[in-house]
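Notes for the one structure printed next.
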Amino acid sequence: MPAEFGATPWGRVWMRTVESTVVAAPNPLLPKARSLARNHAVTLTVEGGRIDAAVVTSGRPHRVRIDVPRWSAREQADAERLIAEALADHRGLAPGDLPDTLEADLRHHDVGIAPALADLDAGCECRTRQRPCVHVLTTLYALSQQLDERPVLAVELRSSNAKPATPPDPDRIEITAIDVAGFYGD
Ligand SMILES: [Zn+2]
């Protein structure tokens, strides 16, 4: 039976970001956040640089938004090269999957998958004073689960737009997404 959270390296690195809040003192919100994520109390949308979620607690949805730093130009260039190499070496992956070895390759080239909690810009509409609140933590656990199922999202989340000179086009597919799709023969 796979691990509930962090069954793949992609989900695992993000789970470590959540659980880094334990370093100072055990955080009682973590078991609650795990339970909420496990019980599908979260609706999650992941796109480049941003996570949007609605987390239902006490019968009420709380909107959460987390801005995630994009890769620098150097990281982006290294990532695109490593992704292309990894996919060339691992043909026949299921759509949305990435080889586990790629996560290690990225790490060895200092291309981060999950930033530290302090580098995330997280907002929630709830009024609790403790930050990150349980809704943000639940969102990150749900993200970890989603990345275990669809590792390519981990890359899309950090990937920066390659052509800052062109105006943003909502229909434009990012370079990384095209490369990945091409290798799957879509
Ligand atoms: Zn909250």
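When a ligand or atom number is given, it counts from 1 through the structure's own listing order.
- For the Zn ion (ligand 1), protein N, O or S atoms closer than 2.8 Å were enumerated as C124 SG, C126 SG, C133 SG, H135 ND1, with waters left out.
- For the pair T43/D52, no side-chain contact is recorded, criterion being any heavy-atom separation below 4.5 Å from C-beta on.
- Annotation: side chain of Y141 is in contact with side chain of L30 (closest heavy-atom distance under 4.5 Å).
- Side-chain N or O atoms of N39 include none that pairs as donor or acceptor with a backbone N or O of A41 at under 3.5 Å.
- Taking a cutoff of 4.0 Å between a charged side-chain nitrogen and a carboxylate oxygen, R34 and E19 qualify as a salt bridge.
- Counting only N and O atoms by type, the side chains of Q76 and E80 include a donor and acceptor under 3.5 Å apart.
- When side chains are defined from C-beta on, V13 counts as touching R16, because their heavy atoms get closer than 4.5 Å.
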